[in-house]
Amino acid sequence: AWESNRTSEGYALIAEDSAYIRKVLLDVLKSSKFSKNIKAFYNGLELITSYSKLIAEGAAVDIAVIDLNMPIMDGLTAARSIRSIETRGKVSAVPIVFFSSVKADDFLKKQMELLSPASYMNKGADDHPERLAERVEQLVSYLIEKYKK
């Protein structure tokens, strides 16, 4: 179980164009107390705008959970932009998790290597509320295990 005294003061950022999936991600991240602050966005451009402001303010960002297929700016472009902002700002690379229904092919695996630390979890094809919530809980458990030790 996640202990509230281990909650980071930083931010968890979500970019997901489905309002339903965005809400599930937001709710599960809040209930897990992964980060004190959680922001959710409709597309990659909104995420990048907020990320850039947070970095300029010196705020800590714990994680970015990004869908690959979104309008205006897709997930890979958003992830590349995050890395560019970090390089310019000379800040540590935030872990990126692609939470998407797109299959992790060789191209995506290569991109994740280039965008390290980056990982992938499939949303699954079934968007039934209970099964989606299970996948999101698996995602958050993975994040806690990997990044909150």
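- Not counting sequence neighbours, the partners of Thr49 by the side chain to side chain contact (heavy atoms under 4.5 Å, CB included) test are Leu45, Lys53.
- Not counting sequence neighbours, the partners of Asp74 by the side chain to side chain contact (heavy atoms under 4.5 Å, CB included) test are Leu76, Thr77.
- Contacts of Lys30 classified as side chain to side chain contact (heavy atoms under 4.5 Å, CB included), with partners at least two apart in sequence or in another chain: Leu26, Ile38.
- From Ile55, atom CD1 reaches atom NZ of Lys90 across 14.5 Å, with rounding to the nearest 0.5 Å.
- Glu86 places a side-chain N or O within donor-acceptor distance of the main-chain N or O of Val94, the cut-off being under 3.5 Å.
- Contact record, Asn43 with Pro71: CB-O, 3.1 Å, taken as the closest heavy-atom pair.
- By the 4.0 Å N-to-carboxylate-O rule, Lys39 lies too far from Glu46 to be salt-bridged with it.
- Formation of a donor-acceptor pair under 3.5 Å by the Asn37 side chain with backbone atoms of Gly10 is found in this model.
- Listed here is the closest heavy atom pair of Phe98 and Ala118: CE1-CB, 4.3 Å.
- Contact between Met70 and Tyr42 at its shortest, heavy atoms only, is SD-O, 4.1 Å.
- Considering all non-hydrogen atoms of both residues, Gly44 and Ala78 come closest at CA-CB, 3.9 Å.
- Met121 and Tyr20 fall within a single hydrophobic cluster, where Ile, Leu, Val, Met, Phe, Trp and Tyr side chains are chained together by heavy-atom contacts under 4.5 Å.
- Leu114 and Met112 are not part of a single hydrophobic cluster, where members link through side-chain heavy atoms under 4.5 Å apart.
- Leu25 CG to Asp67 CG: the interatomic distance, rounded to the nearest 0.5 Å, is 9.0 Å.
- Considering only heavy atoms from C-beta on, Ile66 comes within 4.5 Å of Ile82 through its side chain.
- At a cut-off of 3.5 Å, with distance as the only test, no side-chain donor of Tyr120 or Gln111 sits close to an acceptor on the other residue.
- Once rounded to the nearest 0.5 Å, the distance linking OG of Ser81 with OH of Tyr51 reads 11.0 Å.
- The backbone N or O of Val102 lies less than 3.5 Å from a partner atom in the side chain of Ser100, making a donor-acceptor pair.
- Connection of Leu68 to Phe107 is established within a shared hydrophobic cluster, with ILVMFWY side chains joined at heavy-atom distances below 4.5 Å, either directly or through further cluster members.
- Between the side chain of Glu16 and the main chain of Ser18, a donor-acceptor pair closer than 3.5 Å is present.
- Of the possible donor and acceptor atoms, none in the side chain of Ser116 sits under 3.5 Å from a partner among the backbone N and O of Glu113.
- Scanning all heavy atoms of the two residues, the minimum distance from Asn122 to Phe99 falls at O-CE1, 4.1 Å.
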message: One pair to check against side-chain hydrogen bond (donor to acceptor under 3.5 Å, both in side chains): Arg80 and Ser84. What are the steps and the verdict?
response: CA-CA 6 Å; Arg80 288 183 195 110; Ser84 177; over 6 Å; no
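- At a threshold of 4.5 Å between non-hydrogen side-chain atoms, the residues Ile63 and Leu13 do not count as touching.
- One N or O on the side chain of Thr87 and one on the backbone of Arg83 form a donor-acceptor pair closer than 3.5 Å.
- Between Asp27 and Lys23 there is a salt bridge, with a side-chain nitrogen of the basic residue lying less than 4.0 Å from a carboxylate oxygen of the acidic one.
- Rounded to the nearest 0.5 angstrom, Leu47 CG and Ile72 CD1 are separated by 12.5 Å.
- Residues Ile14 and Arg22 share a closest heavy-atom pair of CG2-CG, 4.4 Å.
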